[in-house]
Amino acid sequence: DAILFISPIYLDSITANLKALLDRTSHFIHCLRLLGKYIAAVTTSGGGGGANAAAFLKGYGVVVGAQFVGAAHAPMPLKEGDFNAARQLGNELVAAVKEKKEWPEQIAAIENWRQHFAHSIEFCKDRWPYEYRYWQERQWL
C-alpha cells in the first residue's frame, strides 16, 4: 500500500541506481499501477538538500497514480532531530494508508495525467495491446 524511497543525494538528485529502477517501471506509468497507493522519501547527503529529489519523487508519484505523503532529509552528520523527522514521516505514511488520506491537488494532478496519457495509450494501442485493454477495461478511454 506504500513505498518508502530511501536514497543518498548525489549532485542534488537521487542515486543512479534508484533512477534506473524507476526508469524501468514504464508499466507502472502506462497503467497507473500505483493508483490509490502512497509514497514518501527519506534522503541524506554530505551537506546539500533533498528538495529536488523529493520533488522528482512526487512527480513520479503523479505518473504512477500514487500520492506523495512527504519527505525527510538529513544532511551529515545525523542528529536526533533527523531521526525524529524520519519517524514522523513513517507515522504519517502509515496513517495515510490506514485513513486512505487524499490530497485534492495530487488527486487532480493524477487525473490530469491520466487524461493526458490516454492519448498516448490510444496512439500506441498496436504496440501496447495489454495497456490498451487495461485502459478499456477501466473505461478510461
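Keep in mind it's a predicted model, so treat the numbers as computed, not measured.
Hydrophobic cluster membership is shared by Val64 and Leu21, with clusters built from Ile, Leu, Val, Met, Phe, Trp and Tyr side chains linked at under 4.5 angstrom. Ile107 and Leu32 are not part of a single hydrophobic cluster, where members link through side-chain heavy atoms under 4.5 Å apart. No continuous path of ILVMFWY side-chain contacts below 4.5 Å connects Ile3 to Ile6, so the two sit in separate hydrophobic clusters. Residues Ile121 and Leu34 are members of one and the same hydrophobic cluster, defined by side-chain heavy-atom contacts under 4.5 angstrom among Ile, Leu, Val, Met, Phe, Trp and Tyr. Placement of Leu78 and Leu89 in two distinct hydrophobic clusters is found when ILVMFWY residues are connected by side-chain heavy-atom separations under 4.5 Å, directly or transitively.
With values rounded to the nearest 0.5 angstrom, Glu131 atom CD is found 9.0 Å from Cys124 atom SG. Expressed to the nearest 0.5 Å, how far OG of Ser7 lies from CG of Leu57 amounts to 8.0 Å. To the nearest 0.5 angstrom, Asp82 atom CG is 5.0 Å from Lys79 atom NZ. Of the inter-residue distances, the one linking Glu122 atom CD with Trp140 atom CH2 reads 14.5 Å to the nearest 0.5 angstrom. In this structure, Leu4 CG and Ile39 CD1 are separated by 10.0 Å, a value rounded to the nearest 0.5 Å. Taken from CG in Asn112 to CD in Glu105, the straight-line distance is 12.0 Å, to the nearest 0.5 Å.
Of all non-hydrogen atoms in Ala53 and Thr43, the two that sit nearest each other are CB-CG2, 4.3 Å. Summarising the geometry of Val97 relative to Ala2, their closest heavy-atom pair is CG2-CB, 3.8 Å, with the distance given to 0.1 Å. Contact detail for Gly47 and Pro75: the closest heavy-atom pair is CA-CB, 4.1 Å. For the pair Gln67 and Glu102, the tightest heavy-atom approach, listed with the atom from each and the gap, is OE1-CA, 3.3 Å. The minimum heavy-atom distance linking Phe68 with Gln106 is given by the pair N-OE1, 2.5 Å. Smallest separation of non-hydrogen atoms from Ile9 and Ile14: CD1-N, 4.5 Å.
Contact of the Phe5 side chain with the Phe56 side chain is not registered, since no non-hydrogen atoms from C-beta on lie closer than 4.5 Å. Looking at heavy atoms from C-beta onward, Arg114 lies in side-chain contact with Trp135 at the 4.5 angstrom threshold. For the pair Tyr10 and Thr15, the minimum side-chain heavy-atom distance is below 4.5 Å. Counting heavy atoms from C-beta on, the side chains of Tyr130 and His27 come closer than 4.5 Å. Asp23 places a side-chain heavy atom less than 4.5 Å from the side chain of Lys19. When side chains are defined from C-beta on, Val94 counts as touching Lys98, because their heavy atoms get closer than 4.5 Å. Lys125 is not listed as a side-chain neighbour of Arg133, based on a closest heavy-atom distance of 4.5 Å or more. Looking only at side-chain heavy atoms (C-beta outward), Leu22 and Phe28 stay at 4.5 Å or farther from each other.
Ring centroid separation for the pair Phe117 and Trp113 comes in under the 6.0 Å cut-off. The ring of His30 has its center no closer than 6.0 angstrom to the ring center of Tyr134.
In this structure, a donor-acceptor pair under 3.5 Å is present between the side chains of His73 and Ser45.
Within 6.0 Å of the CG atom in Asp1, the count of heavy atoms belonging to other residues, nucleotides or ligands does not exceed 12.
The pair Arg87-Glu80 counts as a salt bridge, with a side-chain nitrogen and a carboxylate oxygen less than 4.0 angstrom apart.
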